[in-house]
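In what follows, a single structure is set out as C-alpha cells and then discussed.
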Amino acid sequence: MPINENDLELFLESTSILNSSSQNSIDKTTSNAELSNIEHSTLLIPQPPLLKTGTTLSELKTQEGNDYCNHDSINETEEGGKTDSIKQQEKNDDAFEKMHSNNNNRSCNKNNSYFNPMLQSPTRMPQRYNNYDEYMENKIFQQNKNDQKLIAEYEKQFNKTYPQIFKNTNIYINGYTNPTRLQLHKLIVLHGGKFSHYLTSKRNVTHIIATNLTSKKKIEFRKYRVVQPEWIMQSIEANKLLKWQDYALLLNDTNINNTTDIKTLVTKDSTKKPHLDCNHPDFLASFFKNSRLHHLTTWKLELQNKHMKSNPVGAHHNRIKKIIYYIDFDCFFATVSGLKHNENSSLPIAVSHGQGNSDIASCNYAARSFGIKNGMWVSRAKQLCSTLKILPYEFDSYRKISETFYELLYDKFDTVIPLSVDEGVFIDYPEDIDYKGISEKCMDIRNLLSTKTKCTVSIGVSNTLVLSTLCLKSAKPNGFKIFLPHNTEKEAVAKFVGSFQLTDLPNIGHKTADKINELYSPSSIITLADLQSNLSSLSSFNKLNKLGGKLSRKIILYLKGEDDIDNISKINTPFNYFRKKSLSVDINWGIRFQTIEQVYNFIDRVVARLASQLKSINMASSQYTIKLARCKANSPIEPPKYLGMGLCDITSKTGRFPAHTNENYIMSPEIKQSFRKLYIQAPISSLRGISITLSNLKTNNDRDIGSMLDRKTNNTLDNFPRLHPPLPHDVPLTMSNTENADQMVTVTPLLPSNDNNNNNNNNNNNRRSIEKRKSRSPAREFFNNYHKKKNQERAKHHFSTEIDENALKELPLEMQKEIQREYAVINLVNSTKRSALEAPKIIPKKKLESICCFNPPIPFQKLLNPKEITARLDTWILQNIERGPRTDDALLLVQYLRRLVKFNKKSMLLYIVDHLEEQIDYYRSYYRSASDDPQTSSNHHQMPDGILQWEKLLVLKILPLRESKNRA
DNA sequence: AATGTGTGGTAGC
DNA sequence: ATCGCTACCACACATT
C-alpha cells in the first residue's frame with residue numbers, strides 16, 4: 001500500500017499555512033485522486049517528505065524500527081552525497097524549519113525532536129491551552145522565541161552581529177516567493193525584523209511580501225504595504241532600509257499611505273480593545289463584564305448570601321403582626337449613572353451601551369414621561385425623545401451603592417431578603433401596629449439612603465407581600481405608601497387592588513396579560529378591577545383556569561390581597577426558599593461560529609466555568625440541560641441588533657451524568673454529546689445562543705441534603721478512575737504492528753482500589769437508573785461496570801476474572817454480552833502484557849447490512865463490526881493517549897475513513913468519527929480539568945503532548961472527513 | 001399514577 | 001455596533 005506522504009507530515013506538520021516548501025511535495029503526492037477534495041479541505045499544507053516516495057508499510061516499519069522518529073538515519077540516506085558545508089547549511093535550515101513548524105514546546109517530544117541540540121529548548125514548559133486561540137497565541141509566542149534563538153545561534157556560529165535593518169518592521173510573506181519564504185524569514189529575523197506567520201491581525205503587520213497576488217488578495221491588501229521580495233534582498237545589500245515604495249507591488253493606489261513612517265500602518269490604537277470574538281478565550285469574561293442582566297443575577301445571589309437574615313420573632317404567634325417593607329430604588333441604574341456623570345435628573349436620561357439597537361437598561365422618570373421604557377431600544381427611544389441623554393453603565397457604582405443600602409438597613413429589621421441589587425423585602429414583627437412609627441421609619445430610611453447614596457428609594461408597606469408590592473408601585477417614584485387593612489376590610493382591599501394594572505400583579509407579565517385579555521375578549525381587561533368584576537360569574541371564573549391551575553389560584557388570592565403559598569414561604573423561610581437548585585450559563589449575544597470545533601471549545605469554556613462555580617460552592621450536579629438558539633429559517637442572516645440573536649428557534653435537551661460530579665472532564669463530553677444530538681445537520685453559522693444548566697445539585701459533604709435533593713443518583717465520584725500514568729515512551733504501541741504482541745505494557749488498573757466504600761445501601765436504586773442510560777463515554781463505561789461488579793461481588797464475595805461459562809449461559813443474551821464486555825475490560829486492565837491490537841473479540845458480529853447498504857462492507861484490520869472497530873480504536877487511543885498516535889497508525893485510520901467517504905458509507909463514517917471525537921474529547925477534558933486544578937497539576941496531570949497530537953489528528957484529518965460527507 | 005422531558009413564562013435594570 | 005442573564009416554576013405530553 002503506498003504511503004501518502006502528506007499524512008506522514010501530520011505530526012511533523014508545519015504551522016505555517018503558507019509555506020514555500022510546500023511546493024516541493026505537492027506533485028509528489030500519491031494519486032489518491034478521489035481524496036483531493038479532502039486534502040484541500042484541510043489547512044494542512046504538506047511538507048517535504050521524510051521518506052522516499054512509494055515507501056510501503058512494511059518498509060516503513062523496518063526503516064523506523066522501534067522508534068519511528070529516528071530522523072537522523074533518514075537524513076543520512078537523503079543527504080548522503082552532499083558536501084559537508086552544504087549539509088551544515090541545510091541542517092541549519094532544517095532545524096530552523098522544524099523549529100517553526102514544531103514550535104510548541106509541548107509537542108516537542110521524542111516524536112518530533114529534529115533539532116540541532118543547540119537550538120532545542122532546554123526545558124519542556126508545562127504548557128496547556130484551553131482552545132485554539134490560546135494555542136495560537138502560544139504558538140506565535142513560541143515562534144518569536146524561536147526567532148530569538150535563531151539569532152543567538154547565528155551570531156554565535158559566525159561570531160558577528162547583524163545590522164538591525166528591519167527594526168520596527170513586522171513582515172508577513174504571502175504566497176510563493178524567490179528567495180523562499182524560509183530564507184526571507186531568516187534574513188528578516190536576523191536583521192532585526194519581526195516575522196509574522198499569520199495575517200490574523202493585519203494591524204500589527206507593517207509590510208506584506210509578495211510577488212503575485214490573486215485579484216481577491218489585491219483588493220484585500222490594497223491598503224497595506226505590499227512589497228516585492230527584492231526589497232528585502234537589496235535592503236540587506238545596501239545595509240539600510242530602502243524605501244518600500246520603490247518595490248511596491250500594488251501601484252497607483254491612492255489609498256496607500258506614502259509616508260515613510262512605518263508605524264502609520266498601525267491604524268488603530270492598540271490600547272482600544274475591539275470587541276472580542278466569541279472564539280476568544282476571554283469572550284465569556286468580557287461579555288459578562290458588560291452584561292447588565294448577568295450582573296443582576298449574580299448580584300442577587302451574592303447579596304442574598306451576604307445580607308439575607310430571617311428572624312421571624314414569634315411570627316407564628318397570632319397576636320404578632322407582620323409589617324412588610326418593600327424597598328426599591330427609583331430607576332436605579334439611571335439615577336446612579338446620572339450622579340456619576342453629573343447629569344440633571346430632570347432631563348431625560350437612559351443607561352445603555354450603544355446608540356442604535358441597544359437595550360435601555362434603565363431610564364429616569366423624565367424620560368418615562370416621553371413613553372420611554374426599560375428594555376426599549378435606544379433608536380426607538382430617540383424617536384420618542386430626541387434629547388434623550390445616553391449614559392454608560394457604571395457597574396461598580398451600582399454594586400457599591402447596593403452594598404451601602406443593605407448595610408444601612410440590615411440592623412433595622414428582623415428579616416432582610418435581598419431580591420435584587422436595588423430591591424429588597426424587609427420585615428418587622430411588632431406586637432402592635434404603630435402607624436405613626438411605621439411612617440416615621442419609612443421617612444427615616446428614605447432620608448438616610450438619600451444622604452448616604454444620593455439616591456431616592458420608594459417604599460411600599462403592608463402585611464402581605466402582594467399588597468406591599470402594589471403599595472410600592474403606587475409609591476413610586478420617590479415616595480412611600482402604607483396600607484395596613486384590618487382583616488374585616490375586604491372590600492377596601494379589593495378596591496385598592498382593583499386600581500392597579502394587570503401586569504402590576506407579580507407573576508403576570510405581558511404574555512399572561514395578553515392571554516387573559518384573549519380569554520375575556522372582546523371585553524378588555526386593563527385594570528385588576530376589570531378582572532375582579534369578570535370573576536363574579538362562574539363561567540368567566542372558569543375561563544381563568546385556562547391559565548393553569550396554579551397561576552389562576554394565585555391570581556385569585558392576589559386579587560384579594562392575600563399571599564399564596566409561594567409568597568408565604570418566601571417570607572417565612574427565605575433560606576429554604578432561595579436555596580440553590582440549579583446553576584447555568586446562558587449566552588445569547590455574540591454567538592457566531594463557523595466550525596463545530598469552535599462550538600466545542602466554547603462549550604468547554606462554559607463547562608469549565610460551571611465546574612469551577614460548582615466547586616466553589618462545594619456542590620455537584622447530576623443532570624444537565626443544553627439549550628440552543630438557532631435563527632429562524634426565514635429571518636435575515638444578521639438581526640438588527642449587532643451580534644444579537646434575532647428571532648430564534650429554541651431547543652433543549654437534558655441528560656444525566658453518570659453520577660454527581662463537578663468535574664469538567666466528565667461533564668464536557670456528555671454535554672457535547674447532547675449538543676450533537678440537538679444540532680442535527682444545521683449550519684453552524686445559524687447558532688445564535690447557547691445555554692447550559694446544571695441541576696440536581698447536591699452538596700458534596702452532606703449526604704442527607706444530597707439525598708433530599710436527588711433520590712435518583714447517589715453515586716460518588718470518589719472512586720472515579722484516574723488515567724494510568726504515562727507510558728514509557730520507548731514502548732511503541734501500534735495498531736499496525738500485529739506481530740509485536742509481546743511488548744510490555746504496564747497499565748494501572750482502572751478499577752477502584754478500595755472496595756469497602758459506603759455506597760451499598762443505595763445500590764439497587766442506582767443500578768437501575770444507571771443501567772438505563774446509554775453507555776459510551778469512559779465515564780459511563782466505568783460506572784456501568786463498576787456497579788455491575790459491585791452487584792456481583794456481593795453475590796459471590798470474591799472477584800474473579802474468569803468468566804463462569806455455565807453461569808453465563810443461564811443469563812439472557814443481552815446480559816451475557818454485557819458481562820463478557822465487562823470481563824474483557826477487567827482482563828484488559830489486569831493484563832500487564834498486551835498489545836493494543838489484541839483487543840478482545842467479545843462482541844458478536846452484527847449484521848452489517850444494516851450499516852452498509854449496497855456496497856460491500858469495508859474492513860478495518862479485518863474487522864467489520866462497527867463496535868469492534870471502535871473498541872479497537874478505543875484501546876489504541878487509551879494506550880497511546882499520553883504519547884500521541886503513531887503516524888503510521890493514524891495513516892491507517894485516515895485511509896480507512898477515506899475509503900468510507902469514497903464508498904459513501906455515511907452512517908459508518910459518522911459512527912466512527914463521532915466516536916473518536918467523543919473519546920478524544922473525553923481525554924482532553926480530563927487533562928484540561930486536571931491541569932486547571934492547581935492541586936493536581938503538579939506532576940503527571942499536565943496536559944500531555946499526546947493529547948495535542950490526538951487533537952491535531954482529529955481536527956485536521958478526521959473531522960474534515962465528516963464535513964466532506966455533509967457536503968456531498 | 002408516577003416520573004421524565006421539553007417548552008415557556010417571569011423577575012430584576 | 002454591542003454585551004438579549006439566569007433561577008425557578010408550571011405545564012403539556014411522553015414513557016413506564
Side-chain angles (χ1 to χ4, degrees), chain A residues 274-276 278 283-301 303-304 328-337 350-363 373-375 377-379 392-393 395 398 402 418-424 469 503 505-515 547-552 554 566 570 577-591 623 625-627 629 638-646 648-656 678 688-689 691-695 697 711-712 769 772:
Chain A
H275 179 265
L276 296 178
C278 62
F283 167 77
L284 268 187
S286 94
F287 171 62
F288 284 149
K289 201 177 137 218
N290 294 303
S291 163
R292 72 188 198 280
L293 294 173
H294 172 78
H295 278 115
L296 284 177
T297 41
T298 48
W299 284 337
K300 178 179 178 177
L301 288 179
L303 293 166
Q304 284 185 350
D328 180 290
F329 281 73
D330 299 321
C331 48
F332 185 52
F333 283 15
T335 309
V336 176
S337 283
V351 174
S352 176
H353 278 301
Q355 291 294 319
N357 301 327
S358 174
D359 278 17
I360 288 176
S362 174
C363 58
K373 296 203 167 97
N374 290 357
W377 281 357
V378 172
S379 51
Y393 291 90
F395 290 116
Y398 306 151
S402 172
L419 292 180
S420 179
V421 64
D422 73 317
E423 171 183 339
T469 316
T503 48
L505 276 191
N507 299 303
I508 296 188
H510 64 285
K511 295 264 188 186
T512 312
D514 287 352
K515 217 182 260 174
L547 293 174
K550 209 75 171 229
L551 185 56
S552 59
K554 202 179 261 230
D566 231 41
K570 195 185 290 187
Y577 185 87
F578 290 108
R579 76 187 186 278
K580 198 131 186 72
K581 297 171 204 81
S582 74
L583 179 67
S584 66
V585 165
D586 295 45
I587 308 99
N588 292 301
W589 185 87
I591 298 296
Q623 186 174 34
T625 301
I626 177 164
K627 190 169 82 178
E638 277 306 321
K641 188 200 274 293
Y642 174 68
L643 290 179
M645 70 192 298
C648 282
D649 292 319
I650 310 249
T651 48
S652 68
K653 198 146 204 71
T654 64
R656 281 165 188 276
L678 211 48
R688 289 284 177 275
S691 152
I692 296 172
T693 304
L694 302 179
S695 47
L697 299 185
R711 281 175 227 93
K712 302 195 175 70
S769 65
K772 262 197 321 204

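Below, chain A is the first sequence line, B the second, and so on; all start at residue 1. These numbers were taken from a predicted model, which means no experiment stands behind them.
- The residue among A:N290 and A:K627 whose nearest nucleotide of DNA chain C is located toward the 5' end is A:N290.
- Using bins of under 30°, 30° to 60° and over 60° for the plane-to-plane angle, the ring pair A:H294/A:F288 lands in the parallel bin.
- Between C:dG4 and A:R292, a contact under 4.0 Å exists linking OP1 or OP2 to a side-chain N or O.
- One atom, CG of A:D359, and another, C1' of C:dT2, lie 10 Å apart when rounded to the nearest Å.
- Residue A:V585 is classed as a sugar-phosphate contact, given heavy-atom separations below 4.0 Å to backbone atoms only.
- OP1 and OP2 of C:dC5 both lie 4.0 Å or more from every side-chain N or O belonging to A:S584.
- Taking 4.0 angstrom as the limit, A:S291 places none of its side-chain polar atoms (N or O) nearer than this to OP1 or OP2 of C:dC5.
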(Q) If a pair means Watson-Crick or G-U wobble with both distances below 3.5 Å, what does DNA chain C look like in dot-bracket form, with | marking bases paired to a different strand? (A) ....||||||||||||
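- Neither OP1 nor OP2 of C:dT2 sits under 4.0 Å from any side-chain N or O of A:Q355.
- Summarising the geometry, the separation between NZ on A:K550 and C1' on C:dC8 is reported as 12 Å, rounded to the nearest angstrom.
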Listed pairs under 3.5 Å, donor-acceptor, residues 505-514 of chain A side chains, sequence neighbours left out:
from   : atom 1 : to     : atom 2 : distance (Å)
A:N507 : ND2    : A:Y558 : OH     : 3.3

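- Neither OP1 nor OP2 of B:dA11 sits under 4.0 Å from any side-chain N or O of A:N507.
- Residues in residues 283-295 of chain A take part in these salt bridge (Lys or Arg N to Asp or Glu O under 4.0 Å) pairs, two or more places apart or across chains: A:R292-A:D359.
- Separating the NZ atom of A:K289 from the C1' atom of C:dC5 is a distance of 18 Å, rounded to the nearest angstrom.
- The phosphate of C:dC3 (OP1 or OP2) has a side-chain N or O of A:K641 nearer than 4.0 angstrom.
- Taking atom CG on A:D586 and atom P on C:dG4, their separation rounds to 12 Å, with Å as the unit.
- If A:N357 and A:F578 are placed on DNA chain C by their nearest nucleotide, the residue sitting closer to the 5' end is A:N357.
- At the phosphate of B:dG6, neither OP1 nor OP2 sits under 4.0 Å from any side-chain N or O atom of A:S652.
- Residue A:I360 is out of contact with every strand shown, counting any heavy-atom pair closer than 4.0 Å.
- For A:P639, whose side chain is taken as the heavy atoms from C-beta onward, the closest listed nucleotide among B:dG6, C:dG4, B:dC13 is C:dG4.
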